[in-house]
Each structure stands twice: as C-alpha cells, then as structure tokens.
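First the structure, in the form of structure tokens, and then the observations on it.
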Number of protein chains: 2
Amino acid sequence: MIRFLRFDSMMIFDFFNSVNNLSSESQAALEQIIIEKTYLKSDIIQDIGSRCKTVYFVKDGCARIFYFKDGNDITEHFSFENELIVRAESLFTGKPTSKGIQAIDRSTVLSIDSESLFELYNQHHDIERLFRLLFQKEYVNTVKRIESLQFKTAKERYEELLETTDYVQKIPLKYIATYLGITQVSLSRIRADVK
Amino acid sequence: MIRFLRFDSMMIFDFFNSVNNLSSESQAALEQIIIEKTYLKSDIIQDIGSRCKTVYFVKDGCARIFYFKDGNDITEHFSFENELIVRAESLFTGKPTSKGIQAIDRSTVLSIDSESLFELYNQHHDIERLFRLLFQKEYVNTVKRIESLQFKTAKERYEELLETTDYVQKIPLKYIATYLGITQVSLSRIRADVK
DNA sequence: ATGATTATTTATCATTTGTAAAAAGTTTTA
DNA sequence: TAAAACTTTTTACAAATGATAAATAATCAT
C-alpha cells in the first residue's frame, strides 16, 4: 500500500449523490469516516480470517475476493470502479470470514469502518439509503451470477465476462478461471476454441 | 389460490419485530398494504414475464422461483418459512423478469405491493430498515450459494441442501436437480451412490 | 380401483472438465 | 541482459456429468 490519505472527496460524492442525494450534514459525517488508500498490483487489502468490519469502495482499479479450497486459490468476486467490495457473509452476520481481498492492479479504494457506518445510519436516513442501494446492486449482480453458474456452459460464462468490462483484459487468467468455476487448463482449452 | 384475506397479522409482526422493532404507526401502515394469500400445491403465484412489483414473504409452506432455459424448467431458488421470495433482478431494476414463482406445497404467503412498500420507506425509517435486513439475509444466502455452485461437486451441493431444512424432503427431485445445476438423471445417480 | 400421467431409476454412450506433468511464453529482478 | 520466477498452453489420460431411451415406481383424476 502506498498512500493513506484523509481523502480528496469531490469525485466520489458526485457519484454517491447520483445514487442517492445526501444532505450536506450527511456528506460531512460520511467524509469523516472515509479513508482513501492506494494499493499496488497484487497487494493484499484484507487478509483471510477475522471478522469483516470494513466496507470498501473501488474508486479506481480492480480488486478480487478470494479464498482457498483444498489448497487452491479461488476467486469469488471481482470489483471494478464505483463498486463495493463486500464480504457479505461476514459483514452482515458478524461471523469470521475465510475470504481475503486483493488488489489485482494498482487501485485506489475507499475504506469505511462498518461499525461507524452503521452508527451513522441511525442519524442519517439518507446514508442508510445510499448504502442500501449500493448493496442492492451487488445483490442483483450476485443473483445474475447464480443464473450463469447454474446452467451456462463455461464457454458461455467466459464470453459473458468478456463483455462486462474491458478491465477483464488486465486480470490474470488463473483468477478468471476459478471465478468461472473451472480450472486454468479448461479455460485455456476454451480460449483455444474461441479463436 | 384458495384464500385471499385482509390478513390475520399477529404472528408475522412478532417475527418482523424480532428483526427490527417497528413503531405502532409503522406497523399499522405496513398492515394496510399486506395481503395474505394461500396457494395449493403447484399453484403459480406469479407467472413469467412482466415487471416484478411484489415482495412476497412465506408465512407457511414453500415456494420456488423458476425459469425456462432451452425449454427446460430450471429452479433458481427455494423460499421457506419466514423468508422473502424476491426476483431481485426485476424488483430492484424495473426490468422485466423471465422468472416465475410457484408454490411447491400448500403455502400461505404475504403479498406486498413493492411501490407501496418503497413509498412507506420515505415516512417510516424502521420499515425501510426491516426490509433492508430481510433482503440482506437473502443476499448472504445468495453469496453462499455461489460458493457452492462455483467449486463444490454436485454430490456436495446435494448433501449441503439436505442439511438446510427438512422441508427438502417434500420437494420433487426434478426441482432439486435443476436447483443444483444438474439433470434429474445425475441427481438420481448421486442418490443411488449416497445410500 | 383403474388407467393416465408424472416422477424416478437404470443403462449406454458422448462430451466436458479435472489432474498431472511438461513445454512455451511472459514478467520480474538481481 | 540473463536467470529465476511465474503464467499460460498443451498433451494424455481419468472422472464426472450430459443426452437419450427405456423400464419401473409413484401419484392423480375420474
């Protein structure tokens, strides 16, 4: 990690306000608990283990959520610009998580302490709504991903992913393979086929 | 569908209040927009097509969300007692859905018009929070399901499902098979193996 | 209860994906 | 820049799952 700033807020609040308009008091309160951090390629943002107490938001770059299954590194999720990075199964349950977060490329993320954030919900209805809407978007993405994993072929899933964002080009193949639920070898075969 | 009542509220509000306590005004307002319906086995609760404008809550029984892919009936989701039935990809985006809802067994569900509900959010912070928490639980379930579909074997997924609720025993195998992302024939093989 | 319908199992063969190991290509770093 | 480290592709073989068809079992409607 190379930078750790109190935060140069303008751009992000433009985006936040476009999702749900915040009062100036709410904006000021939220600004107080946001910390901006920049990570280099492959930096670990949050290690595996412990309870998740942070909500991350990708300002710039790309990150992944990963875990180990039978010794293999599995990518569960990719987060791109203006998206949350959420380990919901821990953040919303208080249970420990076996998942970590890693920057894939040089990335700037906003780090928000979840307890402070949830505390703000009590005084600032508009902040609760903003994050409800952001989480809701993640929820919809997750439902779409199930449809994809449940009955699409690996090839269909790969082609679908290619269309989501050009950023995919920058992601190492091994991460993409496990994200699609297949091995690197399989993905390599699929790519040979597609060409 | 056999009953269509204005609603015999007590029990459900016990549950709702245990998730997030509601003021008596909020409770009264919410009661106004809840309609209780009872469906018989295999009844269609919501047909495929159209935009989803209803939030359902299973008071008793069991339902599934399904769609057709290449002419095959695919079960995407099961909802059991005290859980929402949500077609998030339509409800939260306003886009039409290709998914329907069917009662698996005789079931009593609460039907809530989503526009009326979202309207209530503006006056009743506690109602917004209640539903945020209910949706959040669905989101966590969805994330767990991805982990399952992404890298567990069909056999592991089947055994995992068996442990979630005894209600599974009542669900026809063909629904379970597609929910697990496999064919009926494969599931039958797995069951023969497990015994 | 009986026949019709629907659900489940079994069998066969084809296809997809996994595992392991090696080769080829790329990136990092001393 | 060269060596080392890492990533991607290829190959060969094994295992899991799919597709199809047919047989059996269970359920439903009259």
Side-chain angles (χ1 to χ4, degrees), chain A residues 2 39-44 62 64 66 68-75 78 102-106 146-162 167-195, chain B residues 2 39-44 62 64 66 68-75 78 102-106 146-162 167-195:
Chain A
I2 57 168
Y39 294 90
L40 298 182
K41 182 177 175 181
S42 301
D43 276 356
I44 297 295
C62 173
R64 71 186 187 110
F66 68 99
F68 288 91
K69 160 143 181 148
D70 305 332
N72 299 311
D73 174 325
I74 311 289
T75 295
F78 293 121
Q102 183 178 29
I104 291 175
D105 213 354
R106 183 185 222 276
I146 283 187
E147 198 178 321
S148 179
L149 282 169
Q150 202 179 347
F151 265 104
K152 288 186 181 158
T153 64
K155 189 174 170 181
E156 286 175 312
R157 298 200 293 277
Y158 177 60
E159 287 168 346
E160 200 175 60
L161 179 65
L162 286 182
Y167 223 109
V168 173
Q169 309 299 338
K170 290 198 176 181
I171 301 174
L173 227 58
K174 58 177 181 173
Y175 295 162
I176 293 178
T178 61
Y179 177 80
L180 298 175
I182 56 178
T183 60
Q184 282 180 65
V185 176
S186 275
L187 180 54
S188 199
R189 267 192 289 238
I190 287 167
R191 279 157 59 101
D193 218 56
V194 169
K195 277 167 202 162
Chain B
I2 58 168
Y39 294 90
L40 298 181
K41 182 177 176 182
S42 302
D43 276 355
I44 297 295
C62 172
R64 72 185 186 111
F66 69 99
F68 288 91
K69 161 146 181 147
D70 305 332
N72 299 310
D73 175 325
I74 310 290
T75 295
F78 294 121
Q102 183 178 30
I104 291 176
D105 214 353
R106 183 186 222 277
I146 283 187
E147 200 178 319
S148 180
L149 282 169
Q150 203 179 347
F151 265 104
K152 289 186 181 159
T153 64
K155 188 174 171 180
E156 285 174 313
R157 296 201 295 276
Y158 176 61
E159 287 167 346
E160 200 175 61
L161 179 64
L162 286 182
Y167 224 109
V168 174
Q169 309 298 338
K170 292 199 177 181
I171 301 175
L173 226 61
K174 58 176 182 173
Y175 296 161
I176 294 178
T178 61
Y179 177 80
L180 298 175
I182 56 178
T183 59
Q184 283 179 63
V185 176
S186 274
L187 179 55
S188 199
R189 265 193 292 236
I190 287 166
R191 278 158 61 102
D193 216 57
V194 169
K195 277 166 203 161

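Below, chains carry the letters A, B, ... as their sequence lines are ordered, and counting in each starts from 1. This is a predicted model, so every value here is computed, not measured. Atoms considered below: every heavy atom in the structure, side chains included; atoms not considered: hydrogens, waters and symmetry mates.
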Please report, rounded to the nearest Å, how far the [atom2] atom of [N] is from the [atom1] atom of [X].
{"X": "A:Lys155", "N": "C:dT16", "atom1": "NZ", "atom2": "P", "result": "9 Å"}
{"X": "A:Ile176", "N": "D:dT7", "atom1": "CD1", "atom2": "P", "result": "13 Å"}
{"X": "A:Lys170", "N": "C:dT27", "atom1": "NZ", "atom2": "P", "result": "13 Å"}
{"X": "A:Ile190", "N": "D:dT9", "atom1": "CD1", "atom2": "P", "result": "11 Å"}
{"X": "B:Asn72", "N": "D:dT17", "atom1": "CG", "atom2": "P", "result": "18 Å"}
{"X": "A:Leu149", "N": "C:dT17", "atom1": "CG", "atom2": "P", "result": "13 Å"}
{"X": "B:Tyr158", "N": "D:dT17", "atom1": "OH", "atom2": "P", "result": "14 Å"}
{"X": "A:Asp73", "N": "D:dT8", "atom1": "CG", "atom2": "P", "result": "12 Å"}

*Rounded to 10°, tell me the angle between the two end axes of the helix from C:dA1-D:dT30 to C:dA30-D:dT1, each built from five pairs.*
50°
*Are A:Arg191 and A:Tyr158 close enough, and set up right, to give a side-chain hydrogen bond (donor to acceptor under 3.5 Å, both in side chains), and what steps lead you there?*
CA-CA 9 Å; A:Arg191 279 157 59 101; A:Tyr158 177 60; 3.1 Å; yes
_salt bridge (charged side-chain N to carboxylate O under 4.0 Å, His left out) contacts in which one or both residues fall within residues 168-179 of chain A, not counting sequence neighbours_ = A:Asp105-A:Lys170
*Mind listing the closest non-hydrogen atom pair of B:Leu161 and B:Tyr179 along with its distance?*
CD1-CE2, 3.9 Å
*asked:* For a quick test of reading the model, state the closest non-hydrogen atom pair linking A:Ile146 to B:Leu149 and the distance between them.
replied: CG2-CD1, 3.9 Å
Is it true that a side-chain atom of [X] and a backbone atom of [Y] form a donor plus acceptor pair closer than 3.5 Å?
{"X": "A:Gln184", "Y": "A:Ala177", "answer": "no"}
{"X": "A:Arg106", "Y": "A:Tyr39", "answer": "no"}
{"X": "A:Glu156", "Y": "A:Ser148", "answer": "no"}

Show each protein N/O and nucleotides 18-26 of chain D N/O combination with a separation under 3.5 Å, one pair to a line.
{"unit_1": "D:dG18", "atom_1": "OP2", "unit_2": "B:Thr183", "atom_2": "N", "d": "3.3"}
{"unit_1": "D:dG18", "atom_1": "OP2", "unit_2": "B:Thr183", "atom_2": "OG1", "d": "3.4"}
{"unit_1": "D:dG18", "atom_1": "OP2", "unit_2": "B:Ser186", "atom_2": "OG", "d": "2.6"}
{"unit_1": "D:dG18", "atom_1": "N7", "unit_2": "B:Arg189", "atom_2": "NH2", "d": "2.8"}
{"unit_1": "D:dG18", "atom_1": "O6", "unit_2": "B:Arg189", "atom_2": "NH1", "d": "3.2"}

Could you go over nucleotides 5-7 of chain C and give all protein N or O partners under 3.5 Å, atom names and distances?
{"unit_1": "C:dA7", "atom_1": "OP1", "unit_2": "B:Lys174", "atom_2": "NZ", "d": "2.4"}
{"unit_1": "C:dA7", "atom_1": "OP2", "unit_2": "B:Lys174", "atom_2": "NZ", "d": "3.0"}

*By side-chain contact (heavy atoms from CB on, under 4.5 Å), which residues pair with A:Ser188, not counting sequence neighbours?*
none
*Got a sec, which residues hit side-chain contact (heavy atoms from CB on, under 4.5 Å) with B:Phe66, two or more places apart in sequence or on another chain?*
B:Ile44, B:Ile48, B:Arg64, B:Phe68, B:Asp73, B:Gln102
_I'd like to check B:Gln150 versus A:Lys69 (side-chain heavy atoms, cut-off strictly below 4.5 Å). Are they in contact?_
no
*asked:* Nearest 0.5 Å, please: how far is CD1 in A:Ile171 from CD1 in A:Ile104?
replied: 4.5 Å
